[in-house]
Amino acid sequence: MAPSSVTSGHSRLLSGASSNCFLEPKTGLQTKTGATSAKMMINGCSFRSNVSGSTNAAAAVAALLVMLLAASALPLSVRASENKLLPCTYSGLKGYTSSSSPFKGLRLHWKVVGGKTVKIDLRASPALSKGWFGVGFSTDGEMTGDAIVVPSKSATAPKILALTGESGSSVAESTDWTPAKMSIKRTGRGASLKFERTASDGSIVTINPKGKNILMFAYKTTAWDTNEEHDKDAHVMVDFACNPCKRPLGFLFCRG
């Protein structure tokens with residue numbers, strides 16, 4: 001039976017049959033033996049087991065093996081540290097107030113209109129827009145929800161996708177969600193994907209224009225193919241309520 005998990009601050013406590021294990025966002029592999037404890041880090045998480053009584057190296061190694069087996073039974077969403085809140089800064093684009101970047105070469109610009117509609121402009125650099133790139137909205141931090149992508153360098157219309165899992169067979173074109181005011185524009189500075197979202201636009205994922213949302217970003221330098229892995233992706237949290245233009249003197253930097 002897989003151990004249960006309880007979130008506590010920035011760590012998760014795993015209650016197993018005979019040990020406690022804390023998951024923390026660290027990397028690498030480390031073992032440590034001592035009089036009362038053994039510790040290791042696996043899959044980006046730090047595991048610590050308390051051993052009562054006399055402890056030697058063999059007992060510590062045995063404890064670590066037990067924790068390794070427990071870690072392998074955990075779902076990826078527990079083992080990995082994702083969905084962090086992205087910093088929000090000024091957009092600099094006319095008609096937009098805010099922006100965040102999940103990784104170099106890709107930046108999301110947005111503006112909330114009337115408290116209900118989110119205007120979005122996803123900008124990709126020339127290097128990232130050679131193939132396909134896009135953004136999705138997740139229900140639970142996993143690859144479940146809806147996405148909109150620019151499928152190729154020559155595409156004139158986006159693809160709207162329904163996502164039900166990680167595999168290629170779990171990705172299909174959506175027939176329920178049609179984002180408003182979709183467009184693709186290419187310049188010497190890369191490509192732009194524009195669209196608008198509301199809380200009642202037919203998507204699997206109901207967005208929150210006044211708060212945090214889990215978004216998925218990805219790209220690949222070749223044309224869209226559901227059977228091929230992306231080059232890079234990120235599952236992160238974006239706060240659409242963030243508006244730097246409302247900060248003191250923010251109007252001096254905003255064009256929104």
Side-chain angles (χ1 to χ4, degrees), residues 75-77 80 82-86 96 98-103 106-124 128-129 131-152 155-185 191-220 223-242:
L76 184 59
S77 60
E82 293 188 323
N83 306 326
K84 68 177 181 179
L85 179 63
L86 289 183
Y96 297 86
S98 318
S99 75
S100 290
S101 175
F103 45 75
L106 200 65
R107 179 166 287 276
L108 182 78
H109 301 263
W110 75 87
K111 179 180 181 178
V112 178
V113 181
K116 296 181 178 180
T117 301
V118 184
K119 290 175 52 181
I120 289 175
D121 187 346
L122 181 63
R123 297 287 180 103
L128 268 62
S129 57
W132 70 265
F133 69 93
V135 58
F137 300 84
S138 173
T139 57
D140 55 6
E142 298 297 322
M143 197 169 162
T144 305
D146 284 320
I148 177 169
V149 303
V150 176
S152 68
T156 57
K159 275 186 178 291
I160 313 302
L161 306 172
L163 313 174
T164 57
E166 297 283 346
S167 66
S169 60
S170 301
V171 180
E173 292 197 38
S174 175
T175 57
D176 300 319
W177 179 43
T178 305
K181 300 183 180 180
M182 295 184 296
S183 68
I184 297 174
K185 184 179 180 180
S192 163
L193 169 62
K194 293 183 179 181
F195 61 98
E196 293 184 1
R197 283 222 52 190
T198 64
S200 57
D201 57 9
S203 170
I204 297 173
V205 183
T206 301
I207 68 162
N208 179 10
K210 299 180 180 180
K212 298 178 179 67
N213 299 261
I214 301 175
L215 271 61
M216 305 172 285
F217 298 89
Y219 79 92
K220 188 174 181 62
W224 173 259
D225 185 336
T226 56
N227 296 315
E228 292 186 0
E229 287 285 334
H230 40 63
D231 291 340
K232 190 170 186 177
D233 76 327
H235 291 209
V236 295
M237 199 172 290
V238 174
D239 188 358
F240 286 141
C242 174

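No hydrogens, no waters, no symmetry mates; every other heavy atom, side chains included, goes into these values. Owing to the predicted nature of the structure, the values given are computational and were not obtained by experimental measurement.
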Close side-chain approach of [X] to [Y], heavy-atom, < 4.5 Å:
| X | Y | answer |
| --- | --- | --- |
| Ile120 | Glu196 | no |
| Pro179 | Ile160 | yes |
| Val171 | Trp224 | yes |
| Lys194 | Lys185 | no |
| Thr198 | Lys116 | no |
| Pro158 | Ile184 | yes |
| Asn208 | Phe240 | no |
| Tyr219 | Leu128 | yes |

For the pair Phe133 and Leu193, evaluate side-chain contact (heavy atoms from CB on, under 4.5 Å) and give the outcome as yes or no after the intermediate values. CA-CA 9 Å; Phe133 69 93; Leu193 169 62; 4.2 Å; yes

Strictly distance-based, threshold 3.5 Å: is any side-chain N or O of [X] a donor or acceptor partner for the main-chain N or O of [Y]?
| X | Y | answer |
| --- | --- | --- |
| Asn213 | Gly211 | yes |
| Ser101 | Leu106 | yes |
| Ser98 | Cys242 | yes |

Not counting sequence neighbours, which residues clear salt bridge (Lys or Arg N to Asp or Glu O under 4.0 Å) with Asp239? List them please.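 Testing Asp239 for salt bridge (Lys or Arg N to Asp or Glu O under 4.0 Å), a comparison that skips the adjacent residues, returns none.
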
Output all residues satisfying salt bridge (Lys or Arg N to Asp or Glu O under 4.0 Å) with Asp231, sequence neighbours left out; order by chain, then residue number. Lys220

Parallel, tilted or perpendicular: which one describes the rings of His230 and Trp132, with boundaries at 30° and 60°?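 Rings of His230 and Trp132: perpendicular, as their planes differ by over 60°.
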
Taking all non-hydrogen atoms of both residues, which atom of [X] and which atom of [Y] are closest, and how far apart?
| X | Y | answer |
| --- | --- | --- |
| Ala218 | Asp233 | CB-CB, 3.9 Å |
| Thr139 | Gly145 | CG2-CA, 4.4 Å |
| Met182 | Ile148 | SD-CD1, 3.7 Å |

Rounded to the nearest 0.5 Å, how far does [atom2] of [Y] lie from [atom1] of [X]?
| X | Y | atom1 | atom2 | value |
| --- | --- | --- | --- | --- |
| Arg197 | Asp146 | CZ | CG | 7.0 Å |
| Thr178 | Phe195 | OG1 | CZ | 12.5 Å |
| Thr164 | Ile204 | OG1 | CD1 | 8.0 Å |
| Asp140 | Ile214 | CG | CD1 | 7.0 Å |
| His109 | Leu122 | NE2 | CG | 8.5 Å |
| Thr144 | Met216 | OG1 | CE | 7.5 Å |

